[in-house]
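Below is one structure, written out as structure tokens; the observations come after it.
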Amino acid sequence: MAHTYTNILLHCVFSTKNRERIIAKEWRDRLWAFMGGIARDNRMKALAVGGDIDHTHLLLSVPPTVAASKAMQLIDL
């Protein structure tokens with residue numbers, strides 16, 4: 001019996017429009033938790049979430065049944 005192992009990792013970077021500095025420190029952690037929750041609800045794992053005042057990084061583990069383009073559509077706020 002053959003076994004298959006997949007490990008699909010995506011490094012996603014989301015930027016604010018015109019790189020405006022609008023992600024306030026007060027709600028940055030909530031935003032990151034929200035994005036991680038979206039990933040979890042769609043059978044993905046947010047391995048790392050972070051960023052700065054004008055962008056956010058996500059390291060996602062995606063199952064082979066989810067296309068990279070679909071993963072980005074689901075996470076995009």
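These numbers were taken from a predicted model, which means no experiment stands behind them. Sequential numbering from 1 along the given sequence is applied to the chain's residues.
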message = Tell me the closest heavy-atom pair linking C12 and L60, and the distance in Å.
response =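 Nearest pair, atom of C12 first, then L60: SG-CD1, 3.8 Å.
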ask   = Who else is in the cluster with I53 when I, L, V, M, F, W and Y are joined by side-chain contacts under 4.5 Å?
value =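 Same cluster as I53: nobody, lone residue.
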ask   = With clusters built from Ile, Leu, Val, Met, Phe, Trp and Tyr whose side-chain heavy atoms come within less than 4.5 Å, directly or transitively, what are the remaining members of the cluster of L47, listed by chain and number?
value =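 In the cluster with L47 are L9, L59.
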Side-chain donor-acceptor contacts of residues 25-42 below 3.5 Å, not counting sequence neighbours, with atom names and distances?
| residue | atom | partner | partner atom | Å |
| --- | --- | --- | --- | --- |
| R28 | NH2 | I23 | O | 3.2 |
| N42 | ND2 | I38 | O | 2.8 |

query = Can you name the residues that form a side-chain hydrogen bond (donor to acceptor under 3.5 Å, both in side chains) with R43, not counting sequence neighbours?
reply =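 Testing R43 for side-chain hydrogen bond (donor to acceptor under 3.5 Å, both in side chains), a comparison that skips the adjacent residues, returns T65.
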task = With sequence neighbours excluded, give me every side chain to side chain donor-acceptor pair (under 3.5 Å) pair touching residues 46-61.
result =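 Applying side chain to side chain donor-acceptor pair (under 3.5 Å) to every pair that reaches into residues 46-61, excluding sequence neighbours, yields H11-H57, R19-D54, H55-H57.
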key: Pairing residues for T6 by the side-chain contact (heavy atoms from CB on, under 4.5 Å) criterion, not counting sequence neighbours   =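 Residues passing side-chain contact (heavy atoms from CB on, under 4.5 Å) with T6: T4, P64.
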